Structure formats: structure tokens, C-alpha cells
Engineer: 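Here's a structure for you.
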Amino acid sequence: MALYNPKEVEPRWRAAWAEAGVFRAQTGSDKPKYYVLEMFPYPSGHLHVGHARNYAMGDVVARFKRARGFNVLHPMGWDAFGLPAENAAAERGVEPAAWTHANIDTMREELGRLGLSIDWSREFATCDADYYGPQQALFLKLMERGLAYRKEGLVNWDPVDMTVLANEQVIDGRGWRSDAPVERRKLTQWFLRITDYADDLLAGLEGLDRWPAKVKLMQENWIGRSTGLRLTFAFASESGGVEVYTTRPDTLFGASFVAVSPYHPLAERLAAENPAAGAFVAECRRGGASQVDIEAAEKLGVDTGLKVVHPFDSSIELPVWIANFILMDYGTGAIFGCPAHDQRDLDFARKYDLPVKPVVLPPGEDAALFHVKQDAYIGPGRIYNSGFMDGLDVEAAKAAAVARAQAAGQGQGATVYRLRDWGVSRQRGWGCPIPVVHCPACGVVGVPPDDLPVRLPEGLDFSRPGNPLARHPTWKYTVCSDCGGPAERETDTLDTFVDSSWYFARFANPAAAEPIDRAAADYWLPVDQYIGGIEHAVLHLLYARFITRALKGEGLVGVVEPFAGLFTQGMVTHETYRRQNGEWIDPAGVEVHAEGTARRAVDAVTGEALIIGDSEKMSKSKRNVVAPAQIADAYGIDAARLFVLSDSPPDRDVQWTSAGVEGASRLINRVWSEFAAEVEERDGNEEAVAADLRRVTHRAILAVTEAVEGFRFNSAVARLYEFVSALKTSPAAGAARHEARSALARLIAPFAPHLAEECWRRLGEDGMVAQAPWPVHDPALARDEEKILPVQIDGRRRGEVRAPPGASEAQVRQLVLDDPEIARRLEGLTLRKMIVVQDRIVNLVTG
RNA sequence: GGGGACGUGGCGGAACCGGUAGACGCAGCGGACUUAAAAUCCGUUGGCCACAAGGCCGUGAGGGUUCGAGUCCCUCCGUCCCCACCA
């Protein structure tokens, strides 16, 4: 029998699947539906092994669910707008559209070679007007609802990419793509009112029981709900006052100052009146241009000379400061400072010699002796030095302070969120145009539905920084649809995260004239299993939940949660190698030798000794990238799929090694040799031998099924290895062997689909394994004839007894007591108690 | 500074509910086949003691709960991730 030849087998079966259309999702099917989706790729140029792992996982689920009788939707598309296309345009003078579509063609071909069971008839790219046109219609609906609005505000400006970024796209004060320190600029921008849904997005997390706890927690923290008090401190010598927000109204009597942000309207007014304040505000705005600087900066402030009156005791006056550490866009942009019980306030008070007055007495402390030194006290305790709150604990005092402030009309209990509205304007040329015009007479006017899509023009000039749409000679000049007068188009485009926040709904019917085909979406949504990287925990995954809620409000979809199940997969890493001079070297040019347990790497050509580095995320800069095409050439794609799913749990990183993929390749050859071989009938013991094999088979069916359902693909593959070994060493022939082979072909199909088809055909089965039902586990056949129960004496294993499965406690007790070896062990000991766990273990307790 | 996760052989990891720790793979060692190598197949592989039978130790460290702890609780150490002047 010929060796298994993936180069011949794999393309043949891919062609057969395509021809038979076996992966097409059915409309009007009476099977239950199952929607499995992997986060769609950005068409960067080529597929990498990380993609391969991600899509292989989704494919395992899709093939498994199909075999289990579901009508499966497993589509693919392209998140195709974004900066790399503009950079390519700038560097090489190509059209972004041409560059993007060429990449899509390449990557579609590469994805195809992975043997994924995708319904390609639903493919789309977000950069095509067929997609972004409907998206513009959605944007106009959000605008009518007031969910999309324009405002002037402080925004994150990326000075390298020359565009505004959302808060979620600023990582440690730097742009998420450019890594440049982000500046604060005041600009008029489009925002989506995600804050309207802050509470609902938070509450909805509770129902997402098939989401990782980690992601839910990250979203919860990102939304950042806190409850407290909005409270006005009245000015001492004029009318009006300054409103602060606090979560610690119980410490109000410990207040020693009020401070406002340099961007606060009061700061602006005082800056005009008072030269010292003016200089300070100017300094903050200049020096504080980048967030990186702000975070590193020392706490600084200036006393404005203005006084306010303590709301609970009019005999107390407090100074008003302007301080650089107060955020304008959280709470009210103003605080009261209580140095004894807040570390930042304490640092500030020590620097400027402001009073430190403790009002929370820690348990066990003496009021006369307690002092705050270097560390503010933020723990629980009893309130003192606080008038009407004296003697209360912290929680009771909070309630009392809120009640008092509300009764006096000084303030209101308030819930505040850390979440800000989503800034979606981007000063970029390769994105979805925001479909509005600016009319000198009518203001901002939405483009009428009949004029959609607002198409991107060809021939944009990307050779200079800045927005090419804004400097296009004609594109922006148009007329106002309201008054007919001359008007200019909006030249900002939408954040590409808008594109990806509803694409899953478009897959329900990507050809629909309306943005979302409601009937199709009602059938397919929510996505049953979504798979992607954890880096989107507070970006894409939060935006998509918000947009789905907004769409529900418009009656466009019937669900509020887009993704019922979420799985976040780990990355593929590879060991790194470098020369003595520090230069990185490609793994293809490295030979690794084992010397006992140590490993030594040398240059395959020169023999130069190399330094073996950590296994890291594959990156061009470290040259530790292995391309899927390379792997497929050497081992076949099934071996690669099997390996990326086998070595580590799917949510953890997996280390790519050639030894590992060789192991997977060995399994494939072992499986094929089983199907290729004829097994001779053996003499004697036929019944027992067949029963043994059937037991192995039915256990494998159960174990693999449970592992796949539980997303433990590594365990599923381990069980397949075991099953193959057991099958190959079993002498059984005839029906039992056929049953085992038939089960094996179907169990391995989600992982190594091409091999499985070849085996299935060899078995002489009808049709394709891609359409075959999942094997069914029969518990009666899987059952042991007898169980071996370890017998422990005082927790240490001292022997074993054999008992029929399900043996009663009395039976087992008798077996144990009758066992001579155990009796010998018990000599000189007093048996006090025997614990029998059915079919598991026995423990004898002596004393 | 706040929040969270994780520490198991030489390596990746398994043990899903508290019930034989180390499945499966990799690497290693020994053997078969071969003129030889590769491939393949078989055996072996946590540590210590022992000729052996067997014994003792062992899931980051220390304590606790339990007949029984990798798993639950407390303290500590280490690593990683998220957020971060959020009042």
C-alpha cells in the first residue's frame, strides 16, 4: 500500500467538497441552527500560523456541529479598511483598493488550502460599497436617534498616524498602531453614545455564561461603574459654586481643599482673572500635551485664592485649587480633597502644606493618638470629628451624607461610569465615509438614502500626511439636499471598529438591499460560538455589544447580545535564535541538536553556534515566523491542523516546533496504514477480542466528543492517539474492526478532514465523511467487565481489589476483608472505618 | 496604586465533581529490522534507597479542613495579564 501522500490527497478532497457544496448553510432547513464565527481577518498580505490555529478551531466546531445534525453557518469575510493599505499606497503609489483586493485574493487562496469548511458564498469585504453603503444607512439611523452626534471635546491625537483615536485604542498613553505618545487636542468629532448603554452593557454581562470570566471582568472594569454623590460647594463671597463628585461622602468633614481640572470652565475663568492661575493652566496644557507625560508628572497645583463654604458646616471655608491630576472627563472635573483618606490628596497636601484631618478611625485605634503619616488610611472604621456622622461606620456615613446633601438641595446621589462615548471620526482616506454634508445654511445634513452609498473616490493622494479626502480637488464639493445650496461633505471616515461591530449580522444575508435582513438575522443570531483573540476584550467585543443594542432599538435585529459563546484563543509562538553578534536568524536555517537533556543550536550551513532564545510570538523582527504554506509543503495541512490544536489548551499559547508537527504527521501515517492494511482473521478468543475493541471504540467516541464539546482540543487529540494505538495493536477483525475504523474516520475528521475522507472512501462508505453523522457512544459497550479499586490504608495505596462495575458497598467490603494481602497489611492495626467510593476507591482508616 | 489569572517530570501538558498524580505528545535511553543510515516497530523514562521484593519522598513554600487535597481555605514567594492620577 502506498504511503499517504497529502500533496495528492488534500487538493482532491477540497475540490470534491467545493463541487458538492457541502459547506453551504441551508435556508429553510428544519435542523437546529448553529452559527460559528472566527473574528474575520484584516487582509494584511499573507496568512500566518496564528490565523491557521484560530480558523482550525472554528472549523473543528463547525464540522463537529454539522456531524451532530446542525444547520451550520460558518462564513468568512474581510475587515478590509485600515491604515496598512494607506501606507502601501504612500510607499508604492498603488490604490488602496487594488492593494487590499490583491491581498484578499492571496489570503482566500491560502485559507482555502487549510481545508476549512466555510460557506464562501457569503464572503464580503468591508471596503466594498456593498458593505459600507448599508453601514452608512445604519449610521444615519443612529444619527436620527441621537446616538451618533458631533461635539467639540478633548480627543486623543496620534501625531504619527495623524488621526484621532478612541480611548480604547490608546494603550499606556500611546497609539495602538503607531506606538507614538498620544496628544490631547480639542477638536469637533463624531461620537457614538455608548454611555447611554453603560448600565445595560454591564448588566448584560451576567447573562453571558459562555464567555470567559476574564473578558467579562475586563469589560466590567472598563465600564467602571461607581456610586457616590454629586455635591456643590458654594462660593464664600459670590453666588454660585463648584460641583464635585465623590465616592467617599463619609469623609466630607476631612476636606481641606477643593480642586478643579485645568480644563474646567472655572479654571478657564480664573486663569483669565489671575496671572498665577493663568500661568499654571497654560503650563499644564503645554507640558501635558502627551498622556505619557501626564502620567509621569508630579502632582502640581495653584491656589486660586477663591474660597468655598463647607456644605455641612458653614463656618468652614476651603481654598479652591487648580490641580494637574484632576481629569476633566470623569465625574464633574472637580473634587474635594481629603488628604487623610486618599493617597493622591495626601501627596498633594504634603507638598503644599494643607491640613490633614482624619475622620475615619481604624478599629482598635485611639482617637486621641491616631495620626496619618505617609500613607492615607482607606480602610474601614468609625467616623469621628464629623458632626452628625460621628459614630457611624463608613457605609452608614455615606448614606447619611447623601441623605443630608439631598435634603438640603446641595447634591444628588449619582452613578458615574468610567466609560466615555466612542469617538469614531478618523482623518483617514481608506475608511467608510461619514454620510453627512456641512451646509452653511442648514448645518449638518445627513445624505438622503437614495444618494447612498457615499463612495470613496479613486486616485486619492496618499503621498503626503493628513487626510487625502480633505484635499481631493472635487470630492467634497456637493449640494445640500435640504436647501439645494452648495455644501461640503464630511471628510472624516469611520473608525474601522464600526465596520466590525455589525458584520456578523450581515453574514445572515450579505446580498440584502437593506443593511440587515431581519428574517435571516432572526434565524441565525446570536452567533453561537465566536472565536478570537483576547486583545479585543474591551475593543471590538464591547463595541459589537453596544451596536447590537442600538440596532435592536431600531428594530433591525431581535437580540441584544451578539455572541452567546465566546472563546479567546492563544497565540502560536516559536523559539528564537540569534548569532553571537545578536543578529536574529530564521528557524529554517537552524539545526537543533540534543545532547542528553541539553539542546544546542547551530547554523545549518556554517555550523556556527547559535543562542537559543525564548519562545515568542512570531514576528518578522525576530525572524521566528513559519508560514503555513511551508508547513503544508513539508507535512500536509492536516498534520499542521492537528499539531496546532494538540500541544496546548486552545486558550493558551502553543509553541510551534518541527518535532511536534512531525509527531502529528506520524499519527496521520499510522492512521492511514491502519486503513490501508488488511487484517487477518485470528484464531480463538474472537468474542473477547471483539468486545475489547468495541469497549475501546465506544470509550474513544465518548472521550473525544466530550473533549470537543468542552473546547479541550488538546485532550481530544490525545484520545485519538490512544485510540489509534489501541486499534493498531488489537487483533480483532470483522465487524468490530470495521466499527472502530468507521468511528476513527469520523472522530478525526474535524481535525484532519482530508485524511478522514480518504479513510472513509477506503472503508467503502457512501458519500463523504463531511456529511456523515457523528458516531454514537453506547454506554453498555463501553462498560468495564470489572473495576480495579485501589485500596488505601490511611490514605496510602496498599493494594487493590477487583469488583464488578456498580458493585455495592457491602460486596466491596467483603472483597476487601477477604483479601489476604490487605489482611496482612492490617496486622497489628485496628480497623476503625472503611470508606467505599463506588467504582473508584476504598480507604481503610485505622487508629 | 487597583483588579485578575497561573505555579505539576528534561519540555508542552493531562487529571472535568476532592478519590490510583504525571494521560497524550516531544526529547532521552535501550533494543529489533538494516551492510549502514533514515524511516518504522518494541521496550523504558518523576526523585531517592534497594540485587530484588519493596519502601520512602513528590504537584512553588508553609499551615489548615478532610477517611482522602494538584484540586477547597489562610499566609507567603514567584511569573504573567488587564486597568491605572477614574476622586
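Small disclaimer: the values here were computed from a predicted structure and weren't measured. So you know, we letter chains A, B, ... as the sequences are listed, proteins then strands, and number each from 1.
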Engineer: So that I can tick it off, tell me whether Lys787(A) and Asp784(A) are bridged by a salt bridge, with the cut-off set at under 4.0 angstrom between side-chain N and carboxylate O.
Structural biologist: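 Yes, charged N to carboxylate O under 4.0 Å.
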
Engineer: Taking any heavy-atom pair under 4.0 Å as a contact, classify Arg832(A): base, sugar-phosphate, or nothing.
Structural biologist: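 No contact.
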
Engineer: For Ser226(A), which contact category applies under a 4.0 Å heavy-atom criterion: base, sugar-phosphate, or nothing?
Structural biologist: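 Sugar-phosphate contact only.
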
Engineer: For Ser646(A), which contact category applies under a 4.0 Å heavy-atom criterion: base, sugar-phosphate, or nothing?
Structural biologist: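 The answer is nothing, as Ser646(A) stays clear of every strand by at least 4.0 Å.
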
Engineer: Cut-off 3.5 Å, side chains only: do Gln219(A) and Arg545(A) have a donor facing an acceptor?
Structural biologist: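 Short answer, yes.
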
Engineer: Mind checking Gly663(A) for me? I need base, sugar-phosphate or nothing, with any heavy atom below 4.0 Å counting as a touch.
Structural biologist: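 Counting heavy atoms under 4.0 Å across all strands, the contact made by Gly663(A) is with sugar-phosphate only.
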
Engineer: Classify the side chain of Arg420(A) versus the base of C86(B) as yes if they form a donor-acceptor pair under 3.5 Å and no if they do not.
Structural biologist: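 Answer is yes: a donor-acceptor pair is held.
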
Engineer: Does the pair His310(A) and Phe253(A) meet the rule for a ring pair (Phe, Tyr, Trp, His ring centres under 6.0 Å), with working shown?
Structural biologist: CA-CA 8 Å; His310(A) 194 289; Phe253(A) 280 96; 5.2 Å; yes

Engineer: What is the distance, to the nearest angstrom, from the NZ atom on Lys617(A) to the C1' atom on C80(B)?
Structural biologist: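 For the pair Lys617(A) NZ and C80(B) C1', the rounded distance is 16 Å.
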
Engineer: At less than 3.5 Å, do the side-chain atoms of Arg712(A) and the base atoms of A14(B) form a donor-acceptor pair?
Structural biologist: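 Side chain to base: no pair below 3.5 Å.
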
Engineer: Do Arg813(A) and Ser808(A) have side-chain atoms, one donor and one acceptor, less than 3.5 Å apart?
Structural biologist: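 The answer is no; no qualifying pair exists.
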
Engineer: Between the base of C67(B) and the side chain of Lys833(A), is there a donor and acceptor pair under 3.5 angstrom?
Structural biologist: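 No, no donor-acceptor pair under 3.5 Å.
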
Engineer: One thing to verify: whether Glu662(A) and Arg666(A) come together as a salt bridge, which I'm taking to mean a side-chain N less than 4.0 angstrom from a carboxylate O.
Structural biologist: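 Looking at Arg666(A) and Glu662(A), the cut-off is not met.
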
Engineer: Asp342(A) CG to G1(B) C1': how many Å, rounded?
Structural biologist: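 Atom-to-atom, Asp342(A) to G1(B), this comes out as 11 Å.
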
Engineer: Heavy atoms only, 4.0 Å cut-off, all strands: where does Tyr721(A) land among base, sugar-phosphate and nothing?
Structural biologist: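 The answer is sugar-phosphate, as Tyr721(A) gets under 4.0 Å only of primed atoms, P, OP1 or OP2.
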
Engineer: For Asp329(A), answer base if it contacts any base atom (sugar-phosphate contacts may also be present), sugar-phosphate if it contacts only those atoms, and nothing otherwise; contact means non-hydrogen atoms under 4.0 Å.
Structural biologist: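 Since no nucleic acid heavy atom lies under 4.0 Å of Asp329(A), the category is nothing.
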
Engineer: Are side-chain N/O atoms of Asp651(A) and Thr568(A) paired as donor and acceptor at under 3.5 Å?
Structural biologist: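 The answer is no; no qualifying pair exists.
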
Engineer: If you measure from the P atom in A87(B) to the same atom in G7(B), how many Å do you get, rounded?
Structural biologist: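 About 32 Å, rounded to a whole number of Å.
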
Engineer: Using whole Å, report how far OH of Tyr417(A) lies from P of A87(B).
Structural biologist: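 Result: 14 Å.
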
Engineer: Looking only at N and O atoms, is any donor in the side chain of Arg248(A) or the base of A87(B) less than 3.5 Å from an acceptor on the other one?
Structural biologist: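 Absent.
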
Engineer: What is the distance from CH2 of Trp222(A) to C1' of G3(B), rounded to the nearest Å?
Structural biologist: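 After rounding, the reported distance stands at 14 Å.
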
Engineer: Please tell me which of the listed nucleotides, U20(B), G13(B), G25(B), lies nearest to the side chain of Pro790(A)?
Structural biologist: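 Nearest nucleotide to the side chain: U20(B).
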
Engineer: How far does the P atom of C24(B) sit from the matching atom of A38(B), given to the nearest Å?
Structural biologist: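 The same atom, P, in both gives a distance of 25 Å.
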
Engineer: Mind checking if Leu789(A) touches a base, just sugar-phosphate, or nothing, with heavy atoms under 4.0 Å?
Structural biologist: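 Leu789(A): no heavy atom of the nucleic acid under 4.0 Å.
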
Engineer: Can Lys299(A) be said to sit on top of Phe325(A)'s aromatic six-ring, NZ or CZ under 6.0 Å from centre and within 45° of the ring axis?
Structural biologist: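 Geometry flag: set, cation within 6.0 Å and 45°.
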
Engineer: Please set out all donor-acceptor pairs under 3.5 angstrom arising from side-chain atoms of residues 223-233 of chain A, sequence neighbours excluded.
Structural biologist:
residue	atom	partner	partner atom	Å
Arg225(A)	NH1	Asp199(A)	OD1	2.7
Arg225(A)	NH1	Tyr417(A)	OH	3.4
Ser226(A)	OG	Tyr245(A)	OH	2.9
Ser226(A)	OG	Tyr330(A)	OH	3.1

Engineer: Indicate, with a heavy-atom threshold strictly under 4.0 Å, whether Arg670(A) touches base, sugar-phosphate, or nothing.
Structural biologist: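 Result for Arg670(A) = sugar-phosphate.
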
Engineer: Just checking, is any N or O donor in the side chain of Ser673(A) or Lys728(A) under 3.5 Å from an acceptor N or O on the other one?
Structural biologist: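 Yes, because at least one side-chain N or O of Ser673(A) sits under 3.5 Å from a partner of the opposite role on Lys728(A).
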
Engineer: C1' atom, G4(B) versus C17(B): distance in rounded Å?
Structural biologist: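 G4(B) and C17(B) have their C1' atoms separated by 25 Å.
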
Engineer: Determine the interatomic distance between P on C33(B) and the same-named atom on C42(B); round to the nearest Å.
Structural biologist: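 So the two P atoms sit 15 Å from each other.
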
Engineer: Round to the nearest Å and state the distance from Gln343(A) atom CD to G1(B) atom P.
Structural biologist: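 Distance check: Gln343(A) CD to G1(B) P gives 10 Å.
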
Engineer: Figure out the CD/P separation between Gln838(A) and C17(B), and round it to whole Å.
Structural biologist: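 In whole Å, C17(B) P lies 20 Å from Gln838(A) CD.
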
Engineer: Applying a 3.5 angstrom cut-off to the pairing atoms, does RNA chain B sit in any stems of at least three consecutive Watson-Crick or G-U pairs? List them by first number.
Structural biologist: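 So far as stems of 3 or more pairs are concerned, RNA chain B shows B:1-7 with B:77-83, B:10-12 with B:24-26, B:28-32 with B:40-44, B:46-49 with B:54-57, B:60-64 with B:72-76.
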
Engineer: Please write out the pairs of protein N or O atoms and N or O atoms of nucleotides 52-58 of chain B separated by less than 3.5 Å, giving the distance to one decimal.
Structural biologist:
residue	atom	partner	partner atom	Å
G55(B)	OP1	Arg825(A)	NH1	3.0
G55(B)	OP1	Arg825(A)	NH2	2.8
C56(B)	OP1	Arg798(A)	NH2	3.2
C57(B)	OP2	Arg796(A)	NH1	2.7

